[in-house]
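Notes follow once the structure below has been shown.
Lettering of chains follows the sequences in order, A, B, ..., and the numbering in each one begins at 1.
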There are 2 protein chains.
Amino acid sequence: MKLPLKPIKPKRISDQVFDQLTELIARGELKPGDKLMPERELSAVLGVSRTTIRNAINKLVVLGFLDHKQGQGTFVRLPDVRDNNPLAIAMQTEDATLEDLLEVRMGLECNAAALAARRAVEEDIHFLEKSLEEMKAEVASDRLGTEADVSFHMAVSYATKNPVQVRIMREFYDFLFYGINENLARLYEKPERIEEILFQHTQIIHAIKKHDPDEAYEAMERHIIYVLNFFKNQDL
Amino acid sequence: MKLPLKPIKPKRISDQVFDQLTELIARGELKPGDKLMPERELSAVLGVSRTTIRNAINKLVVLGFLDHKQGQGTFVRLPDVRDNNPLAIAMQTEDATLEDLLEVRMGLECNAAALAARRAVEEDIHFLEKSLEEMKAEVASDRLGTEADVSFHMAVSYATKNPVQVRIMREFYDFLFYGINENLARLYEKPERIEEILFQHTQIIHAIKKHDPDEAYEAMERHIIYVLNFFKNQDL
DNA sequence: CAACCTATATTGGTCATACCAATAGTTGCC
DNA sequence: GGCAACTATTGGTATGACCAATATAGGTTG
C-alpha cells in the first residue's frame, strides 16, 4: 500500500534550512545578486548551529543557486541560462520562438491558476498581493515591472503546492527573465499596456482569493492570450 | 587570450578531498554499492578534520555519487539514468509525488492536445494511430504497453509543431519511463484498465483527426483524470 | 530451538567554540 | 594624493562533545 502522505520522517535540520532558503529564492524574496545573511547571524536567527547552516548553504552552492565569496559573503547566483536550462537549449537547437514559449505557458499557467485557487492559503494570497504592489511601485519609479511580474507568476505556481509545477515554472522564468529580457521589455514600454496587465493580474488574484478555479483559469487565459497577441502583432 | 592552465589558487582542503574521492570513484576503485571508510577514519588517515571530510562527502552526495545512511555508513551510489533530468532532481530534492507530476501534465497535455487538433497533418495522425496499434500489439503479446504509451503522448506533442512543448514533454517521459516505471506499471496490470486507456487514446486521436481543439482538450483531460484517480485510489 | 527483546557498538547528524584565511574598508603615514 | 598597514567582516577549518539511527550480539522467553 503506497501512500500519498507526506512521509513522517523528521527531515534533517540542514534540509529544513535548505528548504526555507530554496523557498526564499524560488519566491524571489532573494533575487540574483542579493547577499545572504552572514552564516553566524542565520545561525542565531534560526536557532541552529552554524555547522547546520553551512550544510544547507553548501548544498545550494553545489546546486548552483548560491555562490561563496570568502571574506564577503554568500550571494544568490544568477542562473546560468546557457548551460542547465533545457529551454535555452531548445530555443537555440530547434528554432523556438517566444510564441512557442507562451503557448506552452498557456497550458501550464492556466492549470496552475486553477490549482492555486483550490489550495492557496493566506500566506500565498499575501505574496500575490505583495508582488502586485511591487509591480506598481517599480512602474511608478519608472523601471520596467518585469521583476515583480516574474514574482507574481512564481507566486501563483507556489500556491499550487506542487513542487513539479514550481520547478518547471522556474525554468521558464529563469529563461524569460535572464535570457531574452529585451523582447519581453517591449511589452512594458507603453503605460496603457502595463495598466492592462496590472488589471489582469488583479483579476487573477481575485479569483484565487475567491477559491474559484474556473474563474482563475479563465483570468489567466485572458492574460496570456493578451501577451501572446501582443507578440503576434509585433513582428508583422 | 583564454588559457587552459590550471588556476594557481590552492584549492580549499575540502575540495582536494573531494577530488581524491571523485577520482577513486571514477577509476572504479570504489564501485557502486561499496561502503566508504567512516568519516572519523578518513579524517585520521588524511590528516584533516572531520568537518572538512564531511564537506567533501556532502558535495558528492548532492551530486548523486554517494548516499548517506545514518548508522550504517556512506555508500557509492549506482549511477542512475535520471541524473541529468531536471525533473528527477526536483523529485529528489523536493519530495514530489507521482500525483504532482500528473497534475502538471494535466495542464501541459490538455493544451497540447488542443494545439495538435489545430495543426496536426496527415503524418502526425499516422504516427498517432501507429502508436495505438503498437500498444495493442504490446499488450497482446503480454508485455506492458508503456513504451507505446509514451510514443503516443510524444506523438501528440510533436503534432503541436511547438519545439518547446516537445522539449518539455521529452523531459517528463524520460523521467516517467526510466524513473518510476514500477509505479506506472501497476496501471497496466489489469486488462480492463488497458482497455479503458486504449479507448481514451482512440477518442483523443479522433478529436485531433476532426481538428476539434475543444474535444481534444476534453478527451485528454478525461484520460489524465482517469490515471490521476487511479493513483489517488491506489494508496488508500 | 526459535523468536523476540535489550544492551552495546558503529556511524552519520548536530552543536559549541576557537582559530585560520581572504576581502573590503579605514586609517595613517609619507 | 597615494600607498601601505591595520581592522572588521565573513567564509573555511579544526576539535571535541553529544544526539540519533542502525546493526549486531547476547540473553531471555515462549
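- Listed nucleotides C:dG13, C:dT14, D:dG12 differ in distance to A:Arg54; the shortest reach to its side chain belongs to D:dG12.
- The side chain of B:Arg12 lies closest to D:dG12 when the candidates are D:dG12, D:dA14, C:dT14.
- Among the nucleotides C:dG12, D:dA14, C:dA22, the one closest to the side chain of B:Val48 is D:dA14.
- Listed in residue order, the members of residues 34-43 of chain A having a heavy atom less than 4.0 Å from DNA chain D are A:Lys35, A:Pro38, A:Glu39, A:Arg40.
- When the nearest nucleotides of DNA chain D are assigned to A:Gln70 and B:Lys69 by heavy-atom distance, the more 5′-ward of the two goes with A:Gln70.
- With the end axes of the helix from C:dC1-D:dG30 to C:dC30-D:dG1 each set by five pairs, the angle from one to the other reads 0° at 10° resolution.
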Only pairs under 3.5 Å count here: list side-chain donor-acceptor contacts from residues 128-137 of chain A, not counting sequence neighbours, and write none if there are none.
residue, atom, partner, partner atom, Å
A:Glu129, OE2, A:Lys209, NZ, 2.8
A:Lys130, NZ, A:Glu29, OE2, 3.4
A:Ser131, OG, A:Leu128, O, 2.7

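- Residues A:Arg119 and B:Glu103 are paired through a salt bridge, judged by an N-O separation under 4.0 Å between the basic side chain and the carboxylate.
- For B:His68 and C:dT11, the NE2 to P distance is 14 Å, given to the nearest whole Å.
- The cationic group of B:Arg105 does not satisfy the cation-pi geometry with B:Phe172, failing either the under 6.0 Å distance to the six-membered ring centre or the 45° limit from the ring axis.
- Phosphate contact (OP1/OP2 of D:dT13, side-chain N/O of B:Ser14, threshold under 4.0 Å): present.
- Here the nucleotide nearest the side chain of A:Thr74, chosen from D:dG11, C:dG12, D:dA14, is D:dG11.
- Between D:dG12 and B:Thr52, no contact under 4.0 Å exists linking OP1 or OP2 to a side-chain N or O.
- Closest approach to the A:Arg50 side chain among D:dG11, D:dA17, C:dC15 is made by D:dG11 (side chain taken as heavy atoms from C-beta onward).
- Geometrically, A:Arg77 does not engage A:Phe65 in a cation-pi contact, judged by NZ or CZ lying under 6.0 Å from the ring centre and within 45° of the ring axis.
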